[in-house]
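A short worksheet on the structure shown next.
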Amino acid sequence: MTTAPLQETNNMSNADVMPETLSTSQLHTNDLGKLITSLRNQMMAKLDEALKPFDLTAAQFAAIKLIANGQADTLATLCDMMQHDKGAMSRMLCRMEVKDLIVRKPCLYDGRQFKLALSEKGKNLFPQTMPVADRICELAFEGISDAKRSEFLTMLVHCRKNIA
């Protein structure tokens with residue numbers, strides 16, 4: 001029996017361990033990205049599962065929400081906001097168009113671009129899916145007071161502004 005694996009484990013840094021396996025006292029500020037990514041991935045997986053009855057993925061829901069809220073109306077804007085590359089986003093929009101969730105109309109001032117809008121089906125589906133997404137967010141915040149939720153969100157916005 002060798003002790004090498006045990007020594008490797010003892011020599012591992014916090015960077016080598018998933019943040020959720022560390023106690024709060026073991027976390028460092030450089031774990032922020034890992035924690036946010038892990039939380040995002042878990043929430044997206046839960047949302048994917050919850051949206052199956054609507055024949056919708058979490059990414060498609062995010063695109064619908066941005067379009068519905070008037071935050072994005074072009075492929076480029078969706079790519080920027082969702083941090084997807086144009087090829088992947090274009091393929092997703094094609095699938096959404098086949099599902100009759102969105103419509104693409106040629107842009108009047110630039111023939112190379114298309115304006116995105118929700119179809120009637122997309123407009124009707126969006127309000128049905130919002131409570132599903134809200135439940136996932138509530139699950140993430142379970143056991144956390146409203147004051148701490150607000151403080152957490154404020155800190156995240158502040159961190160984003162610092163990096164922008």
Side-chain angles (χ1 to χ4, degrees), residues 15 18-20 27-142 144 146-164:
M18 286 301 295
E20 52 272 354
L27 291 173
H28 297 282
T29 55
N30 64 358
D31 291 319
L32 176 66
K34 289 181 207 166
L35 285 167
I36 290 171
T37 299
S38 177
L39 175 61
R40 179 211 177 271
N41 292 344
Q42 288 177 302
M43 290 180 72
M44 292 296 276
K46 289 272 188 204
L47 190 54
D48 273 334
E49 188 63 34
L51 291 171
K52 278 184 181 178
F54 298 96
D55 189 28
L56 204 59
T57 66
Q60 290 170 346
F61 167 78
I64 287 172
K65 183 176 179 184
L66 289 169
I67 295 167
N69 290 337
Q71 295 172 284
D73 66 350
T74 64
L75 170 80
T77 307
L78 275 176
C79 288
D80 287 345
M81 296 191 83
M82 293 178 64
Q83 299 197 349
H84 282 0
D85 70 49
K86 287 184 180 178
M89 182 62 70
S90 182
R91 289 186 296 276
M92 184 178 82
L93 292 175
C94 284
R95 289 188 296 275
M96 293 174 70
E97 202 169 21
V98 167
K99 291 180 181 183
D100 189 32
L101 298 171
I102 63 164
V103 292
R104 292 194 250 199
K105 299 175 185 172
C107 185
L108 297 175
Y109 57 87
D110 184 350
R112 298 169 296 165
Q113 282 195 44
F114 290 90
K115 289 288 187 179
L116 303 171
L118 295 183
S119 66
E120 284 304 312
K121 181 178 176 182
K123 288 176 188 174
N124 291 330
L125 188 63
F126 177 62
Q128 296 174 47
T129 57
M130 277 305 299
V132 174
D134 290 345
R135 279 195 302 274
I136 303 299
C137 290
E138 284 301 314
L139 179 62
F141 277 122
E142 193 170 297
I144 299 173
D146 288 344
K148 286 196 179 217
R149 289 179 190 203
S150 179
E151 182 181 5
F152 174 70
L153 294 172
T154 300
M155 286 189 288
L156 285 176
V157 169
H158 186 91
C159 288
R160 282 185 56 196
K161 285 180 183 176
N162 286 345
I163 292 175

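Note that the coordinates shown come from a computational prediction; the quantities given were computed from them, not determined experimentally.
Counting heavy atoms from C-beta outward, Leu116 and Thr77 have side chains that stay 4.5 Å or more apart. Using a 4.5 Å cut-off on side-chain heavy atoms (C-beta onward), Arg104 and Cys94 make contact. Put simply, the side chain of Phe61 does not reach to within 4.5 Å of the side chain of Val132, judged on heavy atoms. By the 4.5 Å heavy-atom criterion applied to side chains, Leu153 and Val157 are not counted as neighbours. Looking at heavy atoms from C-beta onward, Thr154 lies in side-chain contact with Ser150 at the 4.5 angstrom threshold. No side-chain heavy atom of Val103 sits less than 4.5 Å from a side-chain heavy atom of Glu97.
Nearest heavy atom pair, residue Ala68 against residue Leu118, reads CB-CD1, 3.6 Å. In this structure, Met43 and Ile136 approach most closely via the heavy-atom pair O-CG2, 3.9 Å. Among all heavy-atom pairs drawn from Arg149 and Glu142, the shortest one is NH2-N, 4.5 Å. When all heavy atoms of Ala72 and Leu78 are compared, the closest pair comes out as CB-CD2, 3.7 Å. The two residues Ala59 and Met44 come nearest to each other via the heavy atoms N-CE, 4.0 Å.
One finds the CG atom of Leu51 at 11.5 Å from the CD atom of Gln128 (value rounded to the nearest 0.5 Å). Put simply, CE on Met155 and CG on Leu32 are 10.5 Å apart, with the number rounded to the nearest 0.5 Å. Rounded to the nearest 0.5 Å, atoms CG (Leu75) and NE2 (His84) are 11.0 Å apart. Between the NZ atom of Lys86 and the CG atom of Asp80 there is a distance of 7.5 Å, given to the nearest 0.5 Å. Rounded to the nearest 0.5 angstrom, Arg135 CZ and Lys46 NZ are separated by 12.5 Å. The structure places CG of Asn69 at 11.5 Å from CD1 of Ile64, a figure rounded to the nearest 0.5 Å.
Side-chain atoms of Ser119 come within 3.5 Å of backbone atoms of Leu101 as a donor-acceptor pair (strictly under, hydrogens ignored). Remark: the backbone N or O of Lys115 is not paired with any side-chain donor or acceptor of Asp73 at under 3.5 angstrom. Although no hydrogens or angles enter the test, the distance criterion places a donor-acceptor pair under 3.5 Å between the side chain of Lys121 and the main chain of Lys99. Under a 3.5 Å cut-off, the side chain of Asp31 and the backbone N or O of Lys34 do not form any donor-acceptor pair.
With a 6.0 Å radius and a threshold of 12 heavy atoms from other residues, nucleotides or ligands, Lys65 has its NZ atom at or below the threshold. Around the CZ atom of Arg40, the shell of radius 6.0 Å holds no more than 12 heavy atoms that belong to other residues, nucleotides or ligands.
Salt bridge annotation for Lys123-Glu120: present, with a cationic side-chain nitrogen under 4.0 angstrom from a carboxylate oxygen.
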